[in-house]
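Just the heavy atoms: all of them, side chains too, but no hydrogens, waters or symmetry mates, feed the values below.
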Amino acid sequence: MGVSYKRLWMLIIEKDLKKAQVRQMANVSASTFSKMSKNEYVALDVLVRLCIALDCELSDIVEIVR
């Protein structure tokens, strides 16, 4: 079982934002974004900051892959 952040990348595209903009808005490091691009686990507080910055819910940016 793992996670996928494909929904996050799609949301960023839909909102016509750049990854660097989102990183800055949510105060997320480049290394954390790198982990996310590899579908690795990140801390829940990072996901919450992203949701606040993008005005969305957790299910809008991450999904569990079985």
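Looking at K35, its side chain never comes within 3.5 Å of a backbone N or O of V42 through a donor-acceptor pair. A donor-acceptor pair under 3.5 Å is formed between the side chain of R7 and the backbone N or O of S59. For the pair Q24 (side chain) and Q21 (backbone), a donor-acceptor distance under 3.5 Å is absent. With hydrogens and angles disregarded, no donor-acceptor distance shorter than 3.5 Å links the side chain of Y5 to the backbone of F33.
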Could you please spell out the steps behind the side-chain contact (heavy atoms from CB on, under 4.5 Å) verdict for L50 and V28?
CA-CA 8 Å; L50 285 165; V28 175; 4.3 Å; yes
Would C51 and D60 count as a side-chain contact (heavy atoms from CB on, under 4.5 Å) here? Give the steps.
CA-CA 8 Å; C51 287; D60 296 329; over 6 Å; no
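Counting non-hydrogen atoms of other residues, nucleotides and ligands closer than 6.0 Å to NZ of K15 gives a total above 12. The 12-atom threshold is not exceeded at CG of D16, counting heavy atoms of other residues, nucleotides or ligands nearer than 6.0 Å.
Residues Y41 and L47 share a hydrophobic cluster, clusters being chains of Ile/Leu/Val/Met/Phe/Trp/Tyr side chains in contact below 4.5 Å. Hydrophobic clustering (ILVMFWY, side-chain heavy atoms < 4.5 Å, transitive): L44 and L11 are in one cluster. No path of Ile, Leu, Val, Met, Phe, Trp and Tyr side chains, each step under 4.5 Å between heavy atoms, connects I13 with M25, placing them in separate hydrophobic clusters. One hydrophobic cluster, built from ILVMFWY side chains closer than 4.5 Å, cannot hold both M10 and L54; they sit in different ones.
Looking only at atom types and distance, the side chain of S34 has no donor-acceptor partner in the side chain of S31 under 3.5 Å away.
V22 and I12 get closest at one heavy-atom pair: CG2-CG1, 3.8 Å.
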